[in-house]
Amino acid sequence: MIEIEHLSKRYGDTIVVDDVSFTVGEGEIAVVVGTSGAGKSTLLRMINRLVAPDAGRVLIDGQDTTTVPEDELRHRIGYVIQGYGLFPHRTVAENIGTVPRLLGWDRRRIAARVEELLDLFQLEPSEFAQKFPHQLSGGQQQRVGVARALAAKPALLLMDEPFGSLDPVIRGKAQDDLLTIQRRLGTTIVLVTHDMNEAFHLGDRIAVMDQARLLQYAKPADLLTHPAEAFVEQLVGTAERPFRLLSLVTVKDAMEPGSAEGEPIIVTATLRDALARLIWRGLPALPVADASGAPIGRISVDGILKHGRASLS
Amino acid sequence: MSARAVILRIAALLLLVAFVTAPQLFAFAFAPLTANNAPAIYNQGSLLALTLSHLRIVVLATLASTILAVALGIFVTRPAGREFLPLSRSLVNIGQTFPPIAVLAIAVPLVGFGEKPTFIALFLYGLLPIFENTLAGLTEVSPRTLDAARGMGMNARQRLWQVELPLALPVILAGIRLSVIISLGTATIGSTVAAKGLGEVIIAGLQSNNVAFILQGGLVVALLAVLIHDGLGLAERAAARRLGRPLDEIA
Ligand SMILES: Nc1ncnc2c1ncn2[C@@H]1O[C@H](COP(=O)(O)OP(=O)(O)OP(=O)(O)O)[C@@H](O)[C@H]1O
Ligand SMILES: [Mg+2]
């Protein structure tokens, strides 16, 4: 768990982070969004002390980060920056092994860990281990950057616009992969982005920042249904709010008893998928099935609309 | 390097070795340049010994310049030394603008004749290219790479040895190469203050009006310069390859 308490930072006369507090639970992904210059990177860099706060403190599992030597602290926190910052003079394997080597792991253990990570990120070791960063595509470099950050099995991962320079298709895939890996490893993540879709896709909670202040820190659905300020409302996109909401809620929440004609939809699908299917098929309702395929109820256009009205009011 | 270029370098090396070890074999080529039955081949000492002492002083002086210039370059790019950057730049520049012959003139009364004043001149003259290249190499390292290094918990020393110096190495080597080549030529004037070197051959030629001698001294220095230039170029490229940079990016 990571607790951020009243962090503030000023450069000269400008305050860049103004009294920000929030808590990220064990194994959660917190996404920090906001316009350019809002102070997101500065906030992130205060967590691993690349930037020294003027006020406030950060606790990791209850321990004040200032009680640990800087370098030691950073060995324990994975850090991924935009552009990945791979070492151009080191191979993929050497890049990934950076922190383990700093920690003094023996050769064999490092090699095994590197191989394990290459596999995890779907980079064939025999093909990629000895390549240099300039021989990789953007998407591959991105994966190596994340693999490097995870090498010493940190419990906390900081990511500053890790998908910023990927094209939309690869970006979506990279986000999905990150989610899969994160769920598997249980890593706590604080991720900075200015892409609202990314925030909704990845965040267990979203922190909205503007002009150095934290405007709201909430679950994605709460952000949509109860935006704290006009700015948050504007940022999450007034026109898109209903659709965003639909993609956050699963069929389970709007399911009604009964049955319907047609091919059943799985109960874990989002309302967005369900509505799309209903419109596409021109049907008023679809049967709902559980994971084993057994019918357990129905989902209807009316039901979805009713659910939407209830949550947005 | 193409096959032809390699063959040419090997031929140059063989020619050089043959000439300094058995110069008499080449007398036929230089005889037409002499007059009045003057000797065609330098006869006041061993060419091999002169070449070796010429190389020795160049290597020693460049080594000393490298140590000081690289150390200085590292120091003034650290937070603690940054304020000394302008001062060290001008000091090193003065070393360069001072004519070597003037350095010799000043040094001889202080340290006497022989190798010492030559060493001092070469040392001062060699500082600038290495210092400037060290600065360029270290400051060219991308801030993002350094940020990543810091973010992964490398301390200042680890960042220097594991990231900054390896990335700056090809540029530093280019500075050393430049410095060696300058020194090879400059070392010939050391003979005016009695340092052993290939300058002796040239000076003997000038004094006895023997073009063959002048040419021999010049030829050996030139061959040395070409071969050392290429050899160090190979080292630079090997270092650049370690950076994963394509070969053609480095001249
Ligand atoms: N080292 C610094 N010195 C002075 N000002 C700084 C420094 N670092 C950041 N700032 C300023 O602080 C403000 C916030 O910067 P920060 O990088 O945290 O913004 P950001 O939200 O990450 O923006 P972006 O989305 O563009 O990356 C900016 O106005 C920036 O100019
Ligand atoms: Mg930023």
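In what follows, chains carry the letters A, B, and so on, assigned in the order in which the sequence lines appear, proteins first and then strands, with residues in each chain numbered from 1. These numbers were taken from a predicted model, which means no experiment stands behind them.
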Any donor-acceptor N/O pair, A:His89 side chain to B:Gln162 backbone, under 3.5 Å: yes

Pair A:Asp71, B:Arg150 - check salt bridge (Lys or Arg N to Asp or Glu O under 4.0 Å), show working. CA-CA 8 Å; A:Asp71 298 330; B:Arg150 221 153 70 83; over 6 Å; no

Roughly how far, to the nearest 0.5 Å, is CE of B:Met154 from CG of A:Leu102? 5.0 Å

Within a reach of under 6.0 Å around CZ of B:Arg56, are more than 12 heavy atoms found that belong to other residues, nucleotides or ligands? no

With a cut-off of 6.0 Å (strictly less than), are more than 12 heavy atoms of other residues, nucleotides or ligands near CZ of B:Phe98? no

Proximity breakdown for A:Leu86 and chain B, heavy-atom pairs closer than 4.5 Å: backbone

For chain B, which candidate among A:Glu72, A:Arg74, A:Arg49 shows the most heavy-atom pairs at distances under 4.5 Å? A:Arg74

Is the NZ atom of A:Lys9 crowded by more than 12 outside heavy atoms at less than 6.0 Å? yes

Heavy-atom pairs under 4.5 Å with chain B - which of A:Val99, A:Asn48, A:Ile81, A:Thr98 has more of them than the others? A:Ile81

Contact part of A:Arg76 toward chain B, heavy-atom cut-off under 4.5 Å: side chain, backbone, both or neither? neither

A:His75 side chain to B:Gly153 backbone, donor-acceptor under 3.5 Å: yes

Most heavy-atom pairs under 4.5 angstrom with chain A, which of B:Ala148, B:Ser142, B:Pro143? B:Ala148

Could you tell me if the side chain of A:Phe87 sits less than 4.5 Å from the side chain of B:Leu167, heavy atoms only? no

In Å, rounded to the nearest 0.5 Å, how long is the span from CD of A:Glu70 to CG of B:Asn155? 10.5 Å

When you look at NZ of B:Lys116, are more than 12 heavy atoms from neighbouring residues, nucleotides or ligands closer to it than 6.0 Å? no

Main-chain N/O of A:Tyr84 paired to B:Arg144 side chain as donor or acceptor, under 3.5 Å: no

